[in-house]
Protein chains: 2
Amino acid sequence: MVKVLSLKSFNLRHTECRESVLHAFSYCKAALSQGDLEQSIDDKYDRVTIYRTLKTFLEKGIIHKILDGQGGTKYALCETSTCTSETHQHDHVHFKCKLCGDTTCINSVNIPSISLPKGYQREEINLLIEGSCPNCQ
Amino acid sequence: MVKVLSLKSFNLRHTECRESVLHAFSYCKAALSQGDLEQSIDDKYDRVTIYRTLKTFLEKGIIHKILDGQGGTKYALCETSTCTSETHQHDHVHFKCKLCGDTTCINSVNIPSISLPKGYQREEINLLIEGSCPNCQ
DNA sequence: CTGTGTGCAAACACTTTGCAGGTGT
DNA sequence: ACACCTGCAAAGTGTTTGCACACAG
């Protein structure tokens, strides 16, 4: 069930830090912040390097940004089928558990279509639901 | 068409800064950030005072927080009928125009109901649509 | 008069930038 | 060999906290 991603397939140079970050995303269901990553890799890499790695991955369409509702930023893997370095395509719901703090993509739930008043052109949509997750009952 | 709000009705002490902030919200359709407010009041009040005023207004249910999709935070007036110091109740769509940067509440469009997988309890919901607004064609 | 609001300075968290040196291909 | 990654230091942005003084009620 774990996605197998390789740096090579994204035309990225193979480095230890990138491997570790990619690995962390692959094995963690919840979205990760820069701080989460720094810790999960045991402070082995500089804060700045992780930021730059995230930026690179964003541009390549490997991960996408998730806002956690309180101003924090997290990241999670994209659906490999819909995202490339050209375009990101996300229409799933994000859920943040107020108890454990985990933020996750609920890929099984798509955002319903919404008709806006005349004159509004929709380009991107972002839906965050906060509440409690199954693990926290 | 402009909402008339008074500090007194919220049991708040009447001060110049609060009046100005409340006034700014009343006359501006788009959501305002702390920085917007600071400028719109001609840097007359300290940055910190505005933050504290916003915090107070949030707690009283006068305004609500809006995320602008890039990590920025803005604020806009609540519907006086649904928000109190006890609870905030928001189920309208937020729209951010990528051209003019304005973020607005679209009170006429409610968020459709969404059924989450088993075990997820919804408490709050936040929907941000980005695109272009009528003013920017 | 009393409690609350304000201004200033400083701390804090998060993210970005510049530069020198190291590494993948 | 060369381009690109990385680490360190420092700067930038947005927000919060502590404290002394000012002001509304």
Side-chain angles (χ1 to χ4, degrees), chain A residues 5-25 31-60 62-76 85 96 101 103, chain B residues 5-25 31-60 62-76 85 96 101 103:
Chain A
L5 296 171
S6 74
L7 292 170
K8 205 180 288 180
S9 63
F10 291 107
N11 287 316
L12 285 176
R13 228 175 240 194
H14 173 276
T15 69
E16 250 191 80
C17 178
R18 288 178 176 172
E19 278 296 339
S20 299
V21 171
L22 197 56
H23 184 268
F25 278 120
L32 298 168
S33 66
Q34 177 279 326
D36 296 333
L37 285 164
E38 203 175 344
Q39 285 182 13
S40 81
I41 317 180
D42 258 342
D43 297 284
K44 203 173 164 189
Y45 303 100
D46 195 84
R47 193 188 287 111
V48 176
T49 304
I50 295 180
Y51 274 116
R52 287 196 268 231
T53 301
L54 289 171
K55 197 177 174 191
T56 305
F57 283 11
L58 273 178
E59 284 163 359
K60 289 286 177 179
I62 304 173
I63 58 176
H64 62 288
K65 206 183 265 201
I66 302 176
L67 300 175
D68 82 342
Q70 268 66 238
T73 307
K74 303 202 167 190
Y75 305 86
S85 53
K96 167 157 185 184
T103 305
Chain B
L5 295 170
S6 75
L7 292 169
K8 204 180 289 183
S9 63
F10 292 107
N11 285 317
L12 284 176
R13 224 177 243 194
H14 174 276
T15 70
E16 249 191 81
C17 177
R18 287 178 177 171
E19 278 297 339
S20 301
V21 171
L22 197 56
H23 184 269
F25 278 120
L32 298 168
S33 66
Q34 178 279 325
D36 296 333
L37 285 165
E38 203 174 345
Q39 285 181 13
S40 80
I41 317 181
D42 258 342
D43 296 284
K44 202 172 166 192
Y45 303 99
D46 195 85
R47 194 188 287 108
V48 177
T49 304
I50 295 179
Y51 275 116
R52 287 195 269 231
T53 301
L54 289 171
K55 198 176 173 193
T56 306
F57 282 11
L58 274 178
E59 285 162 1
K60 289 288 177 180
I62 304 175
I63 59 177
H64 62 288
K65 206 185 265 201
I66 301 176
L67 301 174
D68 82 341
Q70 268 67 239
T73 307
K74 302 201 167 190
Y75 304 86
S85 53
K96 168 162 183 180
T103 306

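Numbered from 1 within each chain, the chains take letters A, B, ... in sequence-line order.
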Do A/Leu7 and A/Phe57 make a side-chain contact, defined as non-hydrogen atoms from C-beta onward lying under 4.5 Å apart?
yes

Are the side chains of B/Leu12 and B/Ile62 in touch, meaning some heavy atoms are under 4.5 Å apart?
yes

Indicate, with a heavy-atom threshold strictly under 4.0 Å, whether A/Arg18 touches base, sugar-phosphate, or nothing.
sugar-phosphate

Heavy-atom closest pair, residues B/Leu67 and A/Gly69
CD1-CA, 3.4 Å

Check the distance between C/dT15's P and A/Asp46's CG and give it to me in whole angstrom.
14 Å

Roughly, in whole Å, what's the span from CD1 in A/Ile50 to P in C/dA13?
17 Å

Report the distance from atom NZ of B/Lys55 to atom P of C/dT6, rounded to the nearest whole Å.
14 Å

Which angle, to the nearest 10 degrees, lies between the helix axes at the two ends of the helix from C/dC1-D/dG25 to C/dT25-D/dA1, each defined by five pairs?
30°

Just the rounded figure in Å: distance from C1' of C/dC8 to CD of B/Glu38.
13 Å

Measure the distance from CG on B/Leu7 to P on C/dG5 and round it to the nearest whole Å.
11 Å

Kindly point out which of C/dT25, C/dT15, C/dC19 is positioned nearest to the side chain of A/Thr73?
C/dT15

Give me the atom names and distance for the closest heavy-atom approach of B/Ser9 to B/Ser6.
OG-O, 2.7 Å

A quick test of your reading: do over 12 heavy atoms of other residues, nucleotides or ligands sit less than 6.0 Å from CD of B/Glu16?
no

Apply side chain to side chain contact (heavy atoms under 4.5 Å, CB included) to residues B/Leu54 and B/Phe25 and explain how you reach the verdict.
CA-CA 11 Å; B/Leu54 289 171; B/Phe25 278 120; 3.9 Å; yes

When you check the gap from the basic side-chain N to the acidic O, do B/Lys96 and B/Asp68 get nearer than 4.0 Å?
yes

Between B/Gly35 and B/Leu12, which residue's closest nucleotide on DNA chain D lies nearer the 5′ terminus?
B/Gly35

Donor-acceptor pair, distance only, cut-off 3.5 Å: does the side chain of A/Asp42 make one with the backbone of A/Lys44?
no

For C/dT23 and A/Thr15 - does any side-chain N or O of the residue sit under 4.0 Å from the phosphate oxygens OP1/OP2?
no

Test side chain to side chain contact (heavy atoms under 4.5 Å, CB included) applied to B/Val21 and B/Ile63, step by step:
CA-CA 11 Å; B/Val21 171; B/Ile63 59 177; over 6 Å; no

Between P of C/dC14 and CG of A/Asp36, the distance in whole Å:
10 Å

On DNA chain D, compare the nucleotides closest to B/Arg52 and A/Thr49; which residue's is nearer the 5' end?
A/Thr49

What are the 5'-most and 3'-most nucleotides of DNA chain D lying under 4.0 Å from any heavy atom of chain A?
D/dA3 to D/dA9

Nearest whole angstrom, please: distance from the P of C/dG22 to the CZ of A/Arg13.
16 Å

What is the distance, to the nearest angstrom, from the OH atom on B/Tyr45 to the P atom on C/dC8?
13 Å

